[in-house]
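Being a predicted model, the structure only gives us computed values, none of them experimental. First the proteins, then the strands, lettered A, B, ... as listed; each starts at 1.
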2 protein chains.
Amino acid sequence: MGRPREFDIDEALERAMQVFWERGYEGATLSDLTGAMGITKPSMYAAFGNKEQLFRRALERYAEGPASYATRALEEPTARGVAEALLRGAVRTTTLSEGHPGCLTVQGALASSDGSRPAHDLLVGWRNDAGLRLEERFQRAVDEGDLPRDADPVRLARYIMTVAFGIAVQAAGGLGHDELQEIADTALRSWQP
Amino acid sequence: MGRPREFDIDEALERAMQVFWERGYEGATLSDLTGAMGITKPSMYAAFGNKEQLFRRALERYAEGPASYATRALEEPTARGVAEALLRGAVRTTTLSEGHPGCLTVQGALASSDGSRPAHDLLVGWRNDAGLRLEERFQRAVDEGDLPRDADPVRLARYIMTVAFGIAVQAAGGLGHDELQEIADTALRSWQP
DNA sequence: GCACTTTGGTACCGAACGGTACTGAAGTGC
DNA sequence: GCACTTCAGTACCGTTCGGTACCAAAGTGC
């Protein structure tokens with residue numbers, strides 16, 4: 001009923017995600033966003049609500065797309081395999097494009113000013129959730145005997161997440177895929193829970 | 001020669017640093033800055049030039065103050081001691097205040113939009129310099145026989161810096177001092193160059 | 001005391017911010 | 001074809017952004 005929209009909402013969301021990825025929540029202006037999405041501001045507001053909700057949707061898309069490695073990694077049969085897959089995925093995703101190196105969930109809103117607090121809190125929650133899922137996976141590895149009984153899943157998960165976040169910062173600083181993978185390998189070399 | 005200024009320029013710079021630390025370069029507005037500094041905008045411009053130069057000065061103060069641990073750590077007698085001191089300093093500084101957890105050089109301008117590109121590049125350069133100094137320190141350790149001949153100083157330095165950056169992200173996400181120190185200990189446990 | 005320099009405060013600048021009323025066209029179901 | 005709904009675009013809203021012209025007051029060196 002009524003006139004159908006002329007733009008593809010998924011494609012528009014993909015473009016918005018790229019802009020947020022590169023410029024962060026506050027750094028991405030509505031002009032940047034709508035320009036990249038190929039639509040006007042009223043169309044954006046009609047389709048997504050406002051900038052904050054657009055960011056929320058873009059983060060969902062990010063989680064299901066570029067950051068889906070984080071979920072897939074949990075399915076590896078061993079804890080060591082999980083850690084390897086996670087860091088390998090972080091390296092790949094943070095160096096996917098020259099236009100937006102780094103990780104959206106890290107550089108989207110790391111500092112928190114008044115306007116970016118909702119985005120900041122959203123990203124903090126997302127990163128914490130990812131850490132919690134990794135903790136549970138490592139706990140399962142302990143229960144299954146894959147990790148030694150005295151291994152500390154929380155500690156291990158926090159360590160791996162920290163390295164992944166550090167890789168995102170290094171990527172934002174210009175390090176390339178191979179250099180980052182070397183870092184990941186170094187971090188895993190010390191894998192003796 | 002003229003009327004002396006009524007405010008302490010060091011104290012004003014300290015306040016500005018705190019604001020940049022908490023809110024990042026773009027997130028810190030001139031109102032935020034001058035409000036915290038206790039001066040008016042024209043006074044700020046007369047004393048510092050503009051926002052970007054104020055940020056540059058605030059970063060210098062940060063390097064000589066809260067981040068001075070990075071330089072002091074290099075003076076430790078062994079490479080392992082250097083790594084320990086560096087990560088311990090990162091943990092301490094990123095949890096100094098509840099108002100601005102994290103590291104100014106990481107969250108000051110991680111994503112890069114048009115307006116924040118100068119600040120972004122400045123911080124990238126600063127982080128790279130810190131990494132280079134660590135590389136040189138580790139190379140010296142190899143030369144001195146403190147590290148094994150086949151150790152890779154560049155790789156080790158990048159790894160330690162990556163963990164430090166990851167700690168900064170975790171601190172921004174709310175992790176406390178003890179949890180971060182546990183992460184640092186885990187990262188160092190794998191220290192077998 | 002006096003000429004001079006520099007201060008701090010008010011009031012303002014154009015531009016860009018996030019967000020919206022309104023309009024005319026385009027398509028839908030009946 | 002016709003009433004209705006939803007679209008896209010223009011033009012605009014008030015606010016805030018970084019930055020500045022202007023000026024009276026305050027202090028300095030002589």
Side-chain angles (χ1 to χ4, degrees), chain A residues 1-13 15-17 19-20 22-59 108-109 111-122, chain B residues 1-13 15-17 19-20 22-59 108-109 111-122:
Chain A
M1 41 175 69
R3 172 180 173 185
R5 70 163 52 90
E6 295 182 1
F7 63 93
D8 184 321
I9 202 163
D10 276 331
E11 191 170 337
L13 201 51
R15 307 289 184 85
M17 181 193 74
V19 174
F20 280 130
E22 174 183 355
R23 309 175 102 90
Y25 177 75
E26 280 206 299
T29 70
L30 282 185
S31 298
D32 293 334
L33 291 163
T34 55
M37 297 163 88
I39 62 178
T40 60
K41 275 191 282 186
S43 295
M44 193 282 275
Y45 274 85
F48 299 100
N50 61 15
K51 186 184 179 182
E52 186 183 330
Q53 291 177 19
L54 176 63
F55 182 73
R56 194 169 254 105
R57 293 283 302 275
L59 176 62
S112 52
S113 62
D114 292 336
S116 69
R117 185 133 307 135
H120 172 87
D121 293 346
L122 184 66
Chain B
M1 39 170 72
R3 172 182 171 185
R5 69 164 50 92
E6 294 181 2
F7 64 93
D8 184 322
I9 204 165
D10 276 332
E11 192 169 337
L13 201 51
R15 307 289 184 84
M17 181 194 74
V19 175
F20 280 129
E22 175 183 354
R23 309 176 102 92
Y25 178 75
E26 280 207 298
T29 70
L30 282 185
S31 298
D32 294 335
L33 291 163
T34 55
M37 297 163 90
I39 61 178
T40 60
K41 275 191 283 186
S43 295
M44 193 283 275
Y45 274 86
F48 298 100
N50 60 15
K51 188 185 179 183
E52 186 184 330
Q53 290 176 19
L54 175 64
F55 182 73
R56 193 168 255 105
R57 293 283 300 274
L59 176 62
S112 52
S113 61
D114 291 336
S116 69
R117 186 134 307 138
H120 172 87
D121 293 346
L122 183 66

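- The distance from atom CG of Leu33(A) to atom C1' of dG19(C) is 13 Å, rounded to the nearest whole Å.
- No hydrogens or angles were tested; on distance alone, nothing pairs the side chain of Arg3(A) with the base of dA8(D) as donor and acceptor under 3.5 Å.
- Nearest nucleotide to the Leu30(B) side chain, out of dA8(D), dG18(D), dA21(D): dG18(D).
- Closest approach of Gly27(A) and Ser113(B) over heavy atoms only: O-CB, 3.5 Å.
- If you measure from atom CG of Asn50(B) to atom C1' of dT20(D), you get 13 Å, rounded to the nearest angstrom.
- The base of dG18(D) lies outside donor-acceptor range of the side chain of Lys51(B), with no N or O pair under 3.5 Å.
- Annotation: side chain of Tyr25(B) is in contact with side chain of Glu52(B) (closest heavy-atom distance under 4.5 Å).
- Residue-level contact check: Ala47(A) touches neither bases nor backbone, having no heavy atom under 4.0 Å from any strand.
- In this model, the phosphate group of dC17(D) is approached by a side-chain N or O of Ser31(B) to a distance below 4.0 Å at OP1 or OP2.
- Nearest heavy-atom pair across Ala58(A) and Leu13(A) is N-CD1, 4.0 Å.
- Atom pair Asp114(B):CG and dG18(D):C1' shows a separation of 15 Å (rounding to whole Å applied).
- Between Met37(A) atom CE and dA8(D) atom P the separation is 11 Å, expressed in whole Å.
- Atoms NZ (Lys41(B)) and P (dC17(D)) sit 8 Å apart, rounded to a whole Å.
- Side-chain proximity of Thr40(A) to the nucleotides dT10(D), dG19(D), dG19(C) is greatest for dT10(D).
- Closest approach to the Arg5(A) side chain among dT28(D), dG19(D), dA8(D) is made by dA8(D) (side chain taken as heavy atoms from C-beta onward).
- Closest to the Phe7(B) side chain, of the nucleotides dG19(D), dG8(C), dG9(D), is dG8(C).
- For the OP1/OP2 pair of dG19(C) and a distance below 4.0 Å, the side-chain nitrogens and oxygens of Tyr45(A) include at least one atom meeting the criterion.
- Put simply, the side chain of Tyr45(A) reaches to within 4.5 Å of the side chain of Leu30(A), judged on heavy atoms.
- Of all heavy-atom pairs spanning Ala28(A) and Lys51(A), the tightest one is O-NZ, 2.8 Å.
- The nearest heavy atom of DNA chain C to Gly49(A) and to Ala46(B) marks one nucleotide each, and the one closer to the 5' end goes with Ala46(B).
- The nearest whole Å value for the distance from the CE atom in Met44(A) to the C1' atom in dT20(C) is 12 Å.
- As judged by a 4.0 angstrom heavy-atom cut-off over every strand, Pro4(A) is placed among residues touching the sugar-phosphate backbone only.
- Separating the CD atom of Glu26(B) from the P atom of dA16(C) is a distance of 14 Å, rounded to the nearest angstrom.
- Nucleotide dG18(D) holds its C1' atom 17 Å from the CZ atom of Phe48(B), rounded to whole Å.
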